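Side chains are part of it too, since the values below use all heavy atoms of this structure and drop only hydrogens, waters and symmetry mates. Keep in mind that this is a model prediction, so the values were computed, not measured.
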Amino acid sequence: MPEVVREALPAAFYARPVVDVARALVGCVVRHGSSAGVIVETEAYHQSEPACHAYVGLTARTATLFGPPGRAYVYRSYGIHALLNAVCEEEGNGAAVLIRALAPLEGVELMSRRRGRERVEELCSGPGKLSQALGIGLERNASSLQTGPIRIEPRLDGTPPPSLVAGPRVGITRAVELPWRFCAGESRFVSRPWPGTLRRSTRSRGS
DNA sequence: CTCGCGATCTACT
DNA sequence: GTAGATCGCGAGC
């Protein structure tokens, strides 16, 4: 059967307020090599608030953030992990969406090998995990998300927009009041469960 | 299940 | 010198 190459999201998709992009990216597909996954969790970061790397202004480290939209911003976190972001808003604005979790879609075997885990829920349920699962490293920083090795594609045909749940961002100490984390409400692949009421029994049922 | 800690590196103070 | 957009392990409940 013929392979259909899906079109990547255009740069214009990213050239709007970063929070809008963070919401719109949930349900889209990230592809790197033969591995791909559906985005189930994102966070927005903007130069106007101190949790964002771009808050300090233009430096060698943050240059990608201030560059044109539609590129990857990949940086090292806690000395170990490579975290994947999509640069947003017009050139000159420091803003990006952190991709925090995926539902594995293609190349699951390879992801599993790279992660050293079997359970699909543990392959991409965190920003450092998904980079490792897809084989994304720091060398991908500033690469195009349209024509580069990493591509982000629209939602799969026929799939409705996921129901979104917004909440505070994870793992930061400043600007914690902003509800700029967005998850697919029904997904079991998110990096951390929501506190309190939304939590459901995790006792195993087939799906 | 939750909590606490070590690993390991870069940018900035 | 230190904090950080994290992860995985082990201990304890």
**Q.** Donor on one side chain, acceptor on other, Arg115(A) and Gln132(A), under 3.5 Å
**A.** yes

Q.
What is the separation between atom CG on Leu98(A) and atom P on dG4(C), rounded to the nearest whole Å?
A. 16 Å

Q) Which base sits across from dC9(C) as a Watson-Crick or G-U pair, both distances under 3.5 Å? A) dG4(B)

Q: Using atom NE2 of His53(A) as one end and atom P of dT13(B) as the other, report the distance to the nearest whole Å.
A: 13 Å

Q: Starting at atom CZ of Arg169(A), determine the distance to atom P of dT6(C), rounded to an integer number of angstrom.
A: 11 Å

Q: Using atom OH of Tyr55(A) as one end and atom P of dG4(C) as the other, report the distance to the nearest whole Å.
A: 14 Å

Hey, what are the protein-to-nucleotides 8-11 of chain B N/O distances that come in under 3.5 Å?
from, atom 1, to, atom 2, distance (Å)
dT8(B), O2, Tyr78(A), O, 2.6
dC9(B), O4', Gly79(A), O, 3.2

**Q.** His53(A)-Tyr75(A) aromatic ring centre distance below 6.0 Å
**A.** yes

(Q) Set out, in order, the CA-CA distance, both residues' side-chain angles and the distance that settles salt bridge (Lys or Arg N to Asp or Glu O under 4.0 Å) for Glu41(A) and Arg181(A), then state yes or no. (A) CA-CA 7 Å; Glu41(A) 180 176 349; Arg181(A) 177 191 183 208; 2.8 Å; yes

Q. Salt-bridged, Arg169(A) to Glu177(A), with N to O below 4.0 Å?
A. no

Q) Are side-chain N/O atoms of Arg151(A) and His32(A) paired as donor and acceptor at under 3.5 Å? A) no

Q. CG of Leu58(A) versus P of dC12(B): gap in Å, rounded?
A. 10 Å

Q) How close do Arg188(A) and Glu121(A) get, heavy atom to heavy atom, and via which atoms? A) NE-OE2, 2.9 Å

Between the protein and nucleotides 8-11 of chain C, list the N/O to N/O atom pairs that are separated by less than 3.5 angstrom.
from, atom 1, to, atom 2, distance (Å)
dG8(C), OP1, Arg115(A), NH1, 2.6
dG8(C), OP1, Arg115(A), NH2, 2.9
dC9(C), OP1, Arg117(A), NH2, 3.3
dC9(C), OP2, Arg117(A), NH1, 3.4
dC9(C), OP2, Arg117(A), NH2, 3.4

Q. For Thr59(A), does its backbone N or O pair with a side-chain atom of Thr62(A) as donor and acceptor, under 3.5 Å?
A. yes

Q: Output yes when a side-chain donor or acceptor of Arg6(A) lies under 3.5 Å from a complementary backbone atom of Pro154(A), and no otherwise.
A: yes

Q: Report the distance from atom CD of Glu43(A) to atom P of dA5(C), rounded to the nearest whole Å.
A: 10 Å

Q. For the pair made of CZ in Arg174(A) and P in dC12(B), what is the distance, rounded to whole Å?
A. 13 Å

Q) Separation of Glu49(A) atom CD from dG4(C) atom P, in whole Å? A) 14 Å

(Q) Please determine whether a side-chain nitrogen of the Lys or Arg among Glu43(A) and Arg100(A) lies less than 4.0 Å from a carboxylate oxygen of the Asp or Glu. (A) yes

